Novice: 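Mind looking over this structure? Questions follow.
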Protein chains: 2
Amino acid sequence: MASPTPIKTSTLADSVFDQIRTAIVKGELPPGSKINEPQLSKQYGISRGPLREAIRRLEGCKLVDITPNIGANVVSLNLEQAIEIYEIRESLEGLACRLAAKQTNTQDCLKLRRLLSHHEQQIQSENGLLYYQKEGDLDFHYLIVRLSGNTRLFNLLCGELYHLLRLYRTQTSSGPSRPEIAFKQHHQIVDALESQDGELAELLMKRHISSAKKLLIKQFNQ
Amino acid sequence: MASPTPIKTSTLADSVFDQIRTAIVKGELPPGSKINEPQLSKQYGISRGPLREAIRRLEGCKLVDITPNIGANVVSLNLEQAIEIYEIRESLEGLACRLAAKQTNTQDCLKLRRLLSHHEQQIQSENGLLYYQKEGDLDFHYLIVRLSGNTRLFNLLCGELYHLLRLYRTQTSSGPSRPEIAFKQHHQIVDALESQDGELAELLMKRHISSAKKLLIKQFNQ
DNA sequence: TATCTCTATATTGTCAACAATAATATTGAT
DNA sequence: ATCAATATTATTGTTGACAATATAGAGATA
């Protein structure tokens, strides 16, 4: 027999954790904003028990700060903290490239190329440009980090740090908009991966992220 | 007037989170072991509510895995996962050294030297050797990461990754015992920091951790 | 003896009520 | 009118009870 019933799969705390995290990352719950338990529990139609569990889990993920007897707030990053994350990213994505170069086959590289050309198509239209800035760039990085084969590295970068950076961007409403340059850099990175040159790929990726970091600082100063 | 009363400072969930985390890191709650809510709530003298919040926070920190309707287990690392963490450590502590080199003053270096010589004294006795293996080595790394000035880097390494690695060690009861070699490497690193040579310090630290990683693998294979 | 089913027990998930603390509004005095 | 003290409200912290699910055990059958 088939399995028609979707089988109540996860717990309320889990489901609401996902929803709140998405809301935070999307900016619906802005950085610094207060997490109001009665309100959210009403909004999601659950009691405060599992809601508090979800909030505690978010605390563990460093997406909210909890002050005893006062409550939880969505974390808010200043420039300094964003830079700290960029420094970590630079190091870790460099590592990801070095690891990825050891094991990417031609098919993986093809995938990367297709991704890039798809982005280049998207970027033609105004909408596309927005799309690229907001999401497309990350796709590329996601894929490379996944190709590194290091699962924890993937979870750390794609499951935590990217979220936090997106938080900063919604805060300052500033995205790294330098598509042409980024494109060139992206292609160079794939070139290096294709020729199995891990050291070069690492170097290029570090530069790529470092230039994004510099742009961030520049945008802040004007 | 002074502030004599310690003022009930934190919540039950916070306090029990600390206690459980310590128990996990110390190995009192072994990797893979089940977290039994009724038992722990009785043991800590609290109800299941705040206990579950603490567990959820541990889940966010990736120290326990929760399966719906079944419960939480202390995470358990296999060699492959330990290696993944070492790869990340190598990259991040290299970064820490590079950053630290830019801003360590003579006093910081003095502190590092004192720490090392203190370790060398401790190591004379059998007890000392144990001490060194278990804690001393980390002191050195802690201090350097703190000198990097990158707060998030510090929290990531010293507040998460080290904990996980310690978990693996309690699991396999194998510590990286190569004090003499490590000592030499440590001193070389301080030398590099002293001469403000960030690149060299980074290189040496990466090597240092890489050799620890190789030892880990070797220990596993016999 | 081994395996399966059914029952009993234990554990997890959820909720609503109460207690403690913080935030807000009100009152009164200067 | 402004500030301080007080009363009121809202929010957080904690608990115990109940429901749903999973685990363990006893008994029956092959």
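Not measured: the values here are computed from a predicted model. First the proteins, then the strands, lettered A, B, ... as listed; each starts at 1.
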Novice: Using a cut-off of strictly less than 4.0 Å, decide whether A:Lys34 has a side-chain nitrogen or oxygen near OP1 or OP2 of C:dA23.
Specialist: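 Negative; the distance criterion is not met.
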Novice: In whole Å, I'd like the distance from the CG atom of A:Leu51 to the C1' atom of D:dT11.
Specialist: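 Rounded to the whole Å, the gap is 13 Å.
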Novice: Between A:Asn69 and C:dA20, is there a contact of a side-chain N or O with OP1 or OP2 at under 4.0 Å?
Specialist: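 For C:dA20, neither OP1 nor OP2 has a side-chain N or O of A:Asn69 closer than 4.0 Å.
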Novice: Over how many whole Å does the gap from B:Ile66 atom CD1 to D:dA22 atom C1' extend?
Specialist: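 Between C1' of D:dA22 and CD1 of B:Ile66: 16 Å.
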Novice: Taking any heavy-atom pair under 4.0 Å as a contact, classify B:Gly49: base, sugar-phosphate, or nothing.
Specialist: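 If one applies the 4.0 Å heavy-atom cut-off, B:Gly49 turns out to touch a base.
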Novice: Return the minimal non-hydrogen interatomic distance between A:Lys62 and A:Leu164, and the atom names on each side.
Specialist: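 Smallest interatomic distance, heavy atoms only, reads O-CD2, 3.9 Å.
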Novice: Separation of B:Leu12 atom CG from D:dG16 atom P, in whole Å?
Specialist: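 These atoms are roughly 12 Å apart.
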Novice: Could you tell me how far apart B:Leu40 (CG) and C:dT11 (P) are, to the nearest whole angstrom?
Specialist: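 My rounded result for the distance is 11 Å.
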Novice: At under 4.0 Å, does any side-chain N or O of B:Arg52 touch on OP1 or OP2 of C:dG13?
Specialist: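 Yes, because at least one side-chain N or O of B:Arg52 sits under 4.0 Å from OP1 or OP2 of C:dG13.
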Novice: So does B:Arg57 pair up with A:Glu59, basic N to acidic O under 4.0 Å?
Specialist: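 Yes.
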Novice: Would you tell me if any nitrogen or oxygen in the side chain of B:Thr11 comes within less than 4.0 Å of OP1 or OP2 on D:dT12?
Specialist: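 The answer is no; no side-chain N or O of B:Thr11 sits under 4.0 Å from OP1 or OP2.
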Novice: Between D:dT23, C:dG13, C:dA22, which nucleotide has the shortest distance from any of its atoms to the side chain of A:Ile70?
Specialist: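 Per side-chain heavy atoms of A:Ile70, the pick is C:dA22.
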Novice: Please classify the nucleic acid contact of B:Ile35 as base, sugar-phosphate, or nothing, using heavy-atom distances under 4.0 Å.
Specialist: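 Answer is sugar-phosphate: B:Ile35 comes under 4.0 Å of backbone atoms only.
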Novice: Checking side chain to side chain donor-acceptor pair (under 3.5 Å) between B:His208 and each of B:Glu93, B:Lys213, B:His186, which is the one that passes?
Specialist: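 Checked B:Glu93, B:Lys213, B:His186 against B:His208; only one passes side chain to side chain donor-acceptor pair (under 3.5 Å): B:His186.
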Novice: What nucleotide, of D:dT11, C:dC15, D:dT14, holds the atom closest to the side chain of A:Ile46?
Specialist: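 When the side chain of A:Ile46 is considered, C:dC15 is the closest of D:dT11, C:dC15, D:dT14.
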Novice: Please report, rounded to the nearest Å, how far the P atom of D:dT12 is from the NZ atom of A:Lys42.
Specialist: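 Atom-to-atom, A:Lys42 to D:dT12, this comes out as 14 Å.
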Novice: DNA chain C: B:Pro38 or A:Ser47, which has the more 5' nearest nucleotide?
Specialist: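 That would be B:Pro38.
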Novice: Can you check the A:Gln39 CD to D:dT11 P distance for me, whole Å?
Specialist: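 The distance from CD of A:Gln39 to P of D:dT11 comes to 9 Å, rounded to the nearest Å.
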Novice: Does a side-chain N-to-carboxylate-O contact under 4.0 Å join A:Asp18 and A:Arg21?
Specialist: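 A salt bridge is present here (some side-chain N lies under 4.0 Å from a carboxylate O).
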Novice: Determine, for A:Asp108 against A:Arg146, whether the closest basic-nitrogen to carboxylate-oxygen distance falls under 4.0 angstrom.
Specialist: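 Result for this pair is no, no salt bridge flagged.
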Novice: If you only use heavy atoms from C-beta on, which nucleotide in D:dT15, C:dT11, D:dG13 is closest to the side chain of A:Arg48?
Specialist: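 That would be D:dG13.
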